[in-house]
Amino acid sequence: MATTNRRIEEAAEVPEPTPNPIPSSSPAFGTPIHPIIPRRTAPIPAPLTLKAAAPPLKPTILPILLPPATLRPLAFRTFTKKHNLTLTSSALQALATFIGRHCGSGWREEGLAERVLEEVAKSWKKGGGQVIVDGEGETLKAILKVVEGSMSGGRLVQGNPPLSRQGSMKFGAEGSIQELGGLRLGLGDSQNSFGMSSLEVEDPEEEEDALKDPREWINIIGAFDQPRLVYNVNKKHFENSTTKPSLFPLPSHKTDLFRQRYHIVHQRILRNETFQTPSFSAVRSSALTRTSSISATQTNKITPIANLLGRSGSTHLLLGLLAVSPTGTLALSDLTGTIALDLQHARPIPEDGAYFAPGMIVLIDGAYEEDYNNPTSGSNSALGNTGGIGGTIGGKFIGFSVGHPPCERRSTTLGIASSDQNPNRTSTAIIGPAFGWTDFLGLGSERATGARMSRLAGRLLPPTSAHTIAIASDLHLDLPSTLSTLRILLSTYTPHPTEPNPVYPLAIVLAGNFSSRATLAGVPGAGSIEYKEYFDAVAAVLSEFPALLARTSLVFVPGENDAWPSAFSAGAAGPLPRKAVPTLFTNRIRRVIAEANREVWGPGGAAGSEGTNKGKGEGKRKEGEVIWTSNPARLSWFGVKGEMVLFRDDVVGRLGRTAIRFRKPEQAADEGDAQDAPPPPANPENGTDTQPMDLDPPGPAQNQAQQLDPDTMTARALTRTLLSQSHLSPFPTSTRPVHWDYSHALNLYPLPTALVVADKEAPAFVVRYCGCTVMNPGPIVEDAGRGRTGRARWVEFDIGSGKGVIRSEG
């Protein structure tokens, strides 16, 4: 029987009788003789766990109007001297308004402003912000909003603890209720406070068990997903574009395409020490003795084309875009004007070591000659009415030598130490001016994530084992020999079941063209049904290697003959970048990968196989996956630790058709010029499987041997041209169409760790230049015999050592 506990109430006090001479006719009316006892109930006591405490009184702050000039010395000391950041006037105004409103009159005496500035600077750097702090962007506003929520009485307090099962129902000062949609970020040293990359982990020691597979840190970034950065000439830094890219942009965006290319190359040249005028020659002389003789005795200076007016007969060094004028002659253009070129006696530097074609940004050394006798030339021409400054400059520029802009290493651009330059430097050393805080790929900047990614790479990539990526191209699936060579490639990376410590590749990249004929272009036997059957045949071959598919990533890069662009271009050069192969044709391959994961890892997947027989000794692994990406695409490992550009295009053939032909000098003059030519920079990173480029000047016997090997010279010329131009397609849009708003995906700045140029017309090669390994796997069928089983050929790249090797099996 249930019992009801009666609440015990305290007895209420009986009020004193008040004198009232008027008697009452009934005692129920509460006369002074018989007063009514008032019903006073005590309040219900709250449980101890839910007992509310009085919230503390928030100290009041009297806002003041703080001028930015008064705050400038303190902000300069905190941001510039301590954190190497630069404040704009708008950012200083925003900080002064914020501090005056929330710190009040004690901002200086009590040191409140200094703590606020310190936290803002830390949050800005943790968020991967740029060196220049801009107050008009959303980043600083978001940081100030976070700081405002963590302030009390003008002072910074630690962020409120997150909700938990034990403390989610607490009230009062010990645990105030927070709305789930407005959780405030703490201002501690947690790496996920604001704007950090998704690659970050909370604690490397805690996450060590979950990071046994290096494939967890490999990302594929498509060309249409890459951030669009614009170089700001005034701030001398990269900024996010304010306009959304479109496939149908405004006509002005075509001009911006070449303007951005010029700005990137120009700022890169000005950072080169051969183009920097020394402030103190006595001090610089000792530092320049380690470089070449030309760097020590000569300082180059670039002259704008508009400054040539009135300086006839003088020699200058010009930087501009090679173009073809409306009259059909060669011309050079920069941001100030255009001038006609005379390259009859020009000498390319190096000889037979690079390509020079219209659409490239080059350096030309020569003399300006003004033509006074021809009134219809140059600025006086009525053709297009483009004379004067900003148009065509009168006269012509007689070139003596033509060369590509000097290349810049990735370590110099990102401001990290390079092991090939000085192995004694630590990984956090800064080499000259750099863009260490710029996030080029959307994976975090070098200064924000580089140190942690280096530690993770050192733990997950031991030097005792290989961590390879296999790259094959031109898989013409309509040829029977292609499937045979693909089977050879897959069997090479499939260990024997009895092997105790099997090693699998991190990724296998298969690049197009996946058909030898243009697909969906009306060619007999190359319709949509046949195209899907080609990939179904690939799925049948892949199903024979479930152990390999469950432990690696397959990456497919399309070519010119692949759907859908081939339906309109009929196999011709379509606009770059281009999207991936449609899912309509690749469903069966995806099902094969999923079936291989279930067969190897079980129904629970790779995460649930830990402790089972299949997953024993392997730790936590990542399941196999297939990625259909764009052309070009980028494969990165451990954030900014390494980057590989995947590009499928016949670049060598296009360079051979459009390149400028220079006159061959006499043998005697050639030998004399070769002795005066400056040596290329030395690079000790040369393996036996890599064709060296960064070597000391070879002797005459070596020169003669190299000239007898046209494949090596072609590989070196292609490598030097692309890396010096910092662009995958240094051609006019009439020669190689490009989507104007997505041209940033073709940039090679900063220089990637590895560059794959899948070109069927070029020989297979592996060349290392300025710390970048450039590879061309060539067609996967080495002999390219129709209907015959040939040897399989591909390129194998080790992300740990940064070296590549050409492999041939079968």
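Heads up: numbering here begins at 1 and tracks the sequence. Heavy-atom basis, side chains included; hydrogens, waters and symmetry copies ignored.
Rounded to the nearest 0.5 angstrom, L576 CG and L728 CG are separated by 8.5 Å. Here the SG-CG distance, from C770 to L723, works out to 7.0 Å after rounding to the nearest 0.5 Å. Rounding to the nearest 0.5 angstrom, the gap separating the CE atom in M453 from the CH2 atom in W217 is 4.5 Å. Residue N307 holds its CG atom at 12.5 Å from CD1 of I302, rounded to the nearest 0.5 Å. Note that CD of Q260 is 11.5 Å distant from NE2 of H253, once rounded to the nearest 0.5 Å. K125 contributes atom NZ, which lies 6.5 Å from atom CG of N84 (distance to the nearest 0.5 angstrom).
Contact check for D649 versus V757: no side-chain heavy atoms found under the 4.5 Å cut-off. Between F98 and V147 there is a side-chain heavy-atom pair separated by less than 4.5 Å. Within the 4.5 Å cutoff, no side-chain heavy atoms of P750 are placed close to those of V640. With contacts defined as side-chain heavy-atom distances shorter than 4.5 Å, the pair V133/T86 does not qualify. The shortest distance between side-chain heavy atoms of L62 and S105 does not fall below 4.5 Å. The shortest side-chain heavy-atom distance between L646 and N631 does not fall under the 4.5 Å cut-off. You'll find the side chain of Y231 reaches within 4.5 Å of the side chain of Q267, heavy atoms only. Taking the side chain as every heavy atom from C-beta outward, F238 and V230 never approach each other to under 4.5 Å.
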Check the pair D134 / K235 against salt bridge (charged side-chain N to carboxylate O under 4.0 Å, His left out), numbers first and verdict last.
CA-CA 10 Å; D134 190 5; K235 298 181 180 180; 3.5 Å; yes

Going through the checks in order, is the salt bridge (charged side-chain N to carboxylate O under 4.0 Å, His left out) test met by K82 and E118?
CA-CA 9 Å; K82 189 173 182 180; E118 180 72 19; 3.1 Å; yes

Given L755 and T773, is the side-chain contact (heavy atoms from CB on, under 4.5 Å) satisfied, shown in steps?
CA-CA 6 Å; L755 170 62; T773 304; over 6 Å; no

Run L95 and L87 through side-chain contact (heavy atoms from CB on, under 4.5 Å) and show every step you take.
CA-CA 10 Å; L95 291 174; L87 282 174; 4.0 Å; yes

When you look at L635 and I218, which way does the side-chain contact (heavy atoms from CB on, under 4.5 Å) test go after all the steps?
CA-CA 7 Å; L635 187 150; I218 292 182; 4.1 Å; yes

M644/R634 under side-chain contact (heavy atoms from CB on, under 4.5 Å): CA gap, chis, key distance, verdict:
CA-CA 6 Å; M644 176 186 291; R634 297 175 189 263; over 6 Å; no

Let me see the working for R108 and E114 under salt bridge (charged side-chain N to carboxylate O under 4.0 Å, His left out), right down to the final yes or no.
CA-CA 8 Å; R108 188 198 299 258; E114 186 175 359; over 6 Å; no

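Ring geometry for Y742 versus H739: interplanar angle over 60°, hence perpendicular rather than tilted (30 to 60°).
In terms of modelled atom types and a separation under 3.5 Å, the side chain of S123 and the main chain of V120 share no donor-acceptor contact. Remark: side-chain polar atoms of D439 are paired, donor with acceptor, to backbone N or O of G444 under 3.5 angstrom. Although no hydrogens or angles enter the test, the distance criterion places a donor-acceptor pair under 3.5 Å between the side chain of Q276 and the main chain of L270. Judged by distance alone, with hydrogens and angles left aside, the side-chain atoms of S241 form no donor-acceptor pair with the main-chain N or O of L229 at under 3.5 Å. Within the 3.5 Å criterion, the main-chain N or O of S246 finds a donor-acceptor partner in the side chain of D741. Between the side chain of T78 and the backbone N or O of L117 there is no donor-acceptor pair closer than 3.5 Å. A donor-acceptor pair under 3.5 Å is absent between the side-chain atoms of T303 and the main chain of H316, judged by distance alone.
P405 approaches I361 most closely through the heavy-atom pair CD-O, 3.2 Å. The shortest non-hydrogen separation linking L443 to G639 is CD1-O, 4.3 Å. In terms of heavy-atom proximity, G802 sits nearest to R768 at O-NH1, 3.1 Å. Closest approach of D334 to G320, counting heavy atoms only: CB-CA, 4.5 Å. The two atoms that bring S630 and R578 nearest to each other are CB-O, 3.1 Å, heavy atoms only. Among all heavy-atom pairs drawn from P214 and L460, the shortest one is CG-O, 3.5 Å.
For the side-chain contact (heavy atoms from CB on, under 4.5 Å) criterion with L332, the lone passing option out of L321, T338, V362 is V362. The side-chain contact (heavy atoms from CB on, under 4.5 Å) test with H727 is passed by exactly one of T721, I264, L746: L746.
Aromatic ring centres of H266 and Y262: separated by under 6.0 Å.
Side chain to side chain, Q725 and Y749 fail the donor-acceptor criterion of an N or O pair below 3.5 Å. Judged purely by distance below 3.5 Å, without hydrogens or angles, the side chains of T243 and R228 pair a donor atom with an acceptor atom. For the residue pair E408/T413, the side-chain donor-acceptor check at 3.5 Å is satisfied. A donor atom on one side chain and an acceptor atom on the other are not found under 3.5 Å apart for H237 and N232. For R268 and S726, the side-chain atoms include at least one donor-acceptor pair closer than 3.5 Å. No hydrogens or angles considered: nothing links the side chains of H744 and Q226 as a donor-acceptor pair under 3.5 Å.
In this structure, K141 does not pair ionically with E136, as no charged nitrogen and carboxylate oxygen lie closer than 4.0 Å.
A cation-pi geometry, defined here as NZ or CZ lying under 6.0 Å from the six-membered ring centre and within 45° of its normal, holds between K579 and F224.
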